[in-house]
Amino acid sequence: MLNIVLFGPPGAGKGTQSAKLIEKYGLVHLSTGDIFRANIKGGTELGNLAKSYIDKGQLVPDEVTIGMLESEVNKVPEAKGFIFDGFPRTQQQAIALDTLLEQKGTAISMMLALEVEEEELRKRLLIRGKDSGRPDDQNPEVIQNRINVYNNETMPVKDFYTAQGKYKGINGLGEIEAIFNDLCNAIGETAQ
Ligand code: AMP
C-alpha cells in the first residue's frame with residue numbers, strides 16, 4: 001500500500017495537491033478538516049462538538065479526531081492506499097495512526113511536507129475565505145491562531161516521521177503543476 005501523510009500549515013495547498021494525487025495514484029483521500037465540515041453541515045453531534053474548536057482555530061481533541069479517523073479508514077478495507085490530509089496534527093495522533101496501520105499489516109510510506117512561509121499563508125487564506133465560505137478563513141485572528149497552533153502543536157509531528165526516515169520537504173511556492181511534479185518525483189523515489 002502507498003500511504004502518504006500530506007503535511008503542511010493551513011493554506012499550504014494540501015487540499016489542491018491531494019485532489020491531484022488521488023487521481024494519479026488511485027488513493028483514498030481522508031481530510032479530517034473536510035470530514036468535520038461535512039459533519040457540521042449535517043448538524044451531527046460530532047459536527048457540533050468540532051465546530052466549537054474549529055471556529056476558534058483550535059485543534060479538535062485527540063480522542064475525538066482519532067476515533068473519527070479510525071472509523072473512516074475502516075470503512076474502506078479495499079483501499080490501495082491513503083492520503084492523510086490534515087492528520088496527524090499531534091504526536092498522539094501520529095502514534096495512533098502507526099498503531100492502526102500496523103494492525104492492518106501496513107504503514108505510512110512517507111510524509112510529504114509542503115513548505116510555505118507565514119506571510120504567504122495569511123494572504124492565501126484570506127483570499128480563499130472570500131469563496132470557500134469557511135468562517136475560519138475569514139477572520140485574521142483565527143487564521144493567526146491556526147498558524148500558531150501549527151507551529152506549536154503540529155510541528156513536532158515532522159520530527160516523529162523524520163526519526164523514521166520518512167520525512168520529505170517540498171517547496172509549496174510556485175505553480176500548482178510544478179509542485180505536483182515535485183510531489184510525484186518524491187513518491188517515485190520511495191514508493192515500493
Ligand atoms: P483543515 O481543513 O485541515 O484546515 O482543518 C480545519 C480545522 O479542523 C482545524 O483548524 C482544526 O480545528 C480541525 N482539524 C482538522 N484536522 C484536525 C486534526 N487532525 N486534529 C485536530 N483538529 C483538526
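Order of listing sets the numbers, starting from 1, for every ligand and every atom in it. If you're wondering where the values come from, they're calculated on a predicted model, not measured in any experiment.
- Judged by a 6.0 Å distance limit and a 45° cone about the ring axis, Lys166 is not positioned over the six-membered ring of Tyr161.
- Within the 4.0 Å heavy-atom criterion, the part of Thr65 lying near ligand 1 is the side chain and not the backbone.
- Atom 16 (N) of ligand 1 has Thr32 OG1, 2.7 Å as its closest protein atom, hydrogens excluded (heavy atom only).
- Gln138 places a side-chain N or O within 3.5 Å of a backbone atom of Gly129 that can act as its donor or acceptor partner.
- When atom types are taken as modelled, the side chain of Arg124 and the backbone of Gly11 share a donor-acceptor pair closer than 3.5 angstrom.
- The protein non-hydrogen atom at the shortest distance from atom 13 (C) of ligand 1 is Ile54 CG1, 3.8 Å.
- Taking 4.0 Å as the cut-off, Arg134 counts as a neighbour of ligand 1 on heavy-atom distance.
- Geometrically, ligand 1 and Arg89 share a nitrogen or oxygen pair separated by less than 3.5 Å.
- Between Glu118 and Asn151, the side chains place a donor N or O and an acceptor N or O closer than 3.5 Å (distance only, hydrogens not considered).
- Residue Phe36 places no N or O, backbone or side chain, under 3.5 Å from any N or O of ligand 1.
- The closest heavy-atom contact to atom 12 (O) of ligand 1, among the options Gln58, Lys56, Arg37, comes from Gln58.
- Given atom 22 (N) of ligand 1, the protein heavy atom at minimum distance is Val60 N, 3.0 Å.
- No donor-acceptor contact under 3.5 angstrom links the side chains of Glu141 and Asn145, judged on distance only.
- At distances below 3.5 Å, at least one donor-acceptor pair connects side-chain atoms of Asn3 with backbone N or O atoms of Phe82.
- Set against the non-hydrogen atoms of Gln93, the atoms of ligand 1 under 4.0 Å away are 18 (C), 19 (N), 20 (N), 21 (C).
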Query raised in the report: Do Asp182 and Lys168 pass the salt bridge (charged side-chain N to carboxylate O under 4.0 Å, His left out) test, and can you show the C-alpha distance, the side-chain angles, and the key distance before you say yes or no?
Result: CA-CA 11 Å; Asp182 289 346; Lys168 277 174 179 277; over 6 Å; no

